[in-house]
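Below: one structure, written as structure tokens.
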Amino acid sequence: MSDSRHEFGGDWTELKLEAISAYSKFFTGAIGGKFDVWYVDPFAGTGERTAKEEIGGIFDDAPISTIEKQYPGSAARALALTPPFHHLRFGDAKKRHVKALQALVELYPDRDAQVLAGDANEFIQNLFSQPEWRERDRSGVRRRALVFLDPYGMEVKWKTLQVLAASQKADVWFLANLKAAVQQLCHKHEKLSEEKRNALTEYFGTNQWEERFYDIKQDEEDMFGSLFNRSQRQANKQDIAEFHRECLAGLFCYVSSPLPIAVGSTEDYFLLYCMSNNPTPAATRLIDRGASWVIQRYKQASRHRSALQEGVQSPSC
Ligand SMILES: C[S@@+](CC[C@H](N)C(=O)[O-])C[C@H]1O[C@@H](n2cnc3c(N)ncnc32)[C@H](O)[C@@H]1O
């Protein structure tokens, strides 16, 4: 028996997954007749999302109690999509999640769907380094992938994005965890540890963030002759997000405007981007049309949801 319980996220997660499903439908509908279409989800979880919800109360005239509900996660949604993907590849680092994904895939015996256990970066780098993803399409098989990068934190390595960009055949939806990056960027420059520096350089793909975000001053002496330093971060959340988008645009020729995923009342802490490095202008126009439509539609829902949530504590994603 596999255990598909996976408690994470909240109603903002449904918004994110709705956006991915909407683009998936656009993607398979627009090009599924001409191309071999793949869905690649290396942070797939168990395929489902478990949520604890309160029911009852005075309006229901029933005592308040907590129930557990299961919602389809990214993998379950991708498997059930129509028009369908021709090939689906899921992965996760956790053994229990992989077992649950395998059980889910077995419910769709007519699909070419496989589950890989292990690190998402290795998974993507291995798959997209293969000749069929790197070389120009030969006559006969023309392939395109929709890749969904949905980590908890800053797990996506820059090299992984480089490999995806080099393939030129992937529309990549990337959940950028701005909250995690901002947390690493301490206000006092002297508090930046080597570990934080390395994590941030991996996230931005460059070490230029340091001079961009910090007002670096010389050491000063206090009245007792001890040295101190006033260097502070001057970049705010918006500046950090813009710099990150610039870095992504150095790799991909198309980077959408972000869909802000408002978690509780802390708006814009997660930013969902669609990116592609497809060199064909007509393909880029089509990707932009689909991605812009999805982002506009769900941006309004995100703002509305965050207004409703005003004052609610921000849980982790
Ligand atoms: C936010 S959840 C994904 C949820 C899933 N996309 C969904 O909507 O149902 C992140 C998942 O990534 C997995 N994970 C974390 N680090 C990973 C890594 N380095 N490689 C692969 N999976 C990882 C976790 O075990 C977790 O299941």
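Start at 1 and go down the list; that is how both ligands and their atoms are numbered.
Residue contacts with ligand 1: Glu48 is placed with no nitrogen or oxygen under 3.5 Å of a nitrogen or oxygen of the ligand (distance criterion only). Checked by distance only, ligand 1 and Ala120 come closer than 3.5 Å through their nitrogen or oxygen atoms. Where the criterion is an N or O separation shorter than 3.5 Å, residue side chain and backbone included, Pro151 fails it with respect to ligand 1. Of the N or O atoms in Asp92, one or more lie within a sub-3.5 Å distance of an N or O in ligand 1. The shortest N/O to N/O separation between Lys16 and ligand 1 does not fall below 3.5 Å. Ligand 1 has an N or O atom lying under 3.5 Å from an N or O atom of Ser74, backbone or side chain.
For residues 240-259, every residue pair satisfying the salt bridge (Lys or Arg N to Asp or Glu O under 4.0 Å) rule, not counting sequence neighbours, is listed here: Arg212-Glu246.
Within the listing of ligand 1, atoms 21 (C), 22 (N) sit less than 4.0 angstrom from a heavy atom of Pro42. Close contacts of ligand 1 with His97, meaning ligand atoms under 4.0 Å from a residue heavy atom, involve 25 (O), 27 (O). When each atom of ligand 1 is checked for a heavy atom of Gly73 under 4.0 Å away, the hits are 9 (O). Each of the following atoms of ligand 1 lies closer than 4.0 Å to a heavy atom of Ala44: 5 (C), 9 (O). Every atom of ligand 1 is numbered from 1 in the order shown, and the set under 4.0 Å from a heavy atom of Leu17 is 8 (O). Per-residue contacts place Gly118 under 4.0 angstrom from the following atoms of ligand 1 (heavy atoms of the residue considered): 20 (N), 21 (C). With ligand atoms numbered from 1 in the order given, ligand 1 contributes 27 (O) to contacts under 4.0 Å with heavy atoms of Gly45.
Counting only N and O atoms by type, the side chains of His87 and Gln114 include no donor and acceptor under 3.5 Å apart. Side chains of Thr160 and Asn121: a donor-acceptor N/O pair is present below 3.5 angstrom, by distance only.
In this pair, Trp133 and Trp38 present their aromatic rings perpendicular. The plane angle is above 60°, beyond the 30 to 60° band. Below 30°, between 30° and 60°, or above 60°: for Tyr203 and His244 the angle between ring planes is below 30°, a parallel geometry. Note: Phe85 and Phe27 have tilted aromatic rings, judged against thresholds of 30 and 60 degrees for the angle between ring planes.
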Taking distance alone, no hydrogens or angles, what donor-acceptor pairs closer than 3.5 Å link side-chain atoms of residues 281-291 to residues at least two apart or in another chain?
unit_1: Thr284; atom_1: OG1; unit_2: Asn278; atom_2: O; d: 3.2
unit_1: Thr284; atom_1: OG1; unit_2: Thr280; atom_2: O; d: 3.2
unit_1: Asp288; atom_1: OD1; unit_2: Tyr254; atom_2: OH; d: 2.9
unit_1: Asp288; atom_1: OD1; unit_2: Ser292; atom_2: OG; d: 2.8

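A salt bridge is defined here as a Lys NZ or Arg NE, NH1 or NH2 lying under 4.0 Å from an Asp or Glu carboxylate O, and Lys16 with Asp150 meets this definition. Remark: Arg77 engages Glu18 in a salt bridge, criterion side-chain N to carboxylate O under 4.0 Å.
Ranked by closest heavy atom to atom 10 (C) of ligand 1, the top entry among Asp150, Leu116, Leu175 is Asp150.
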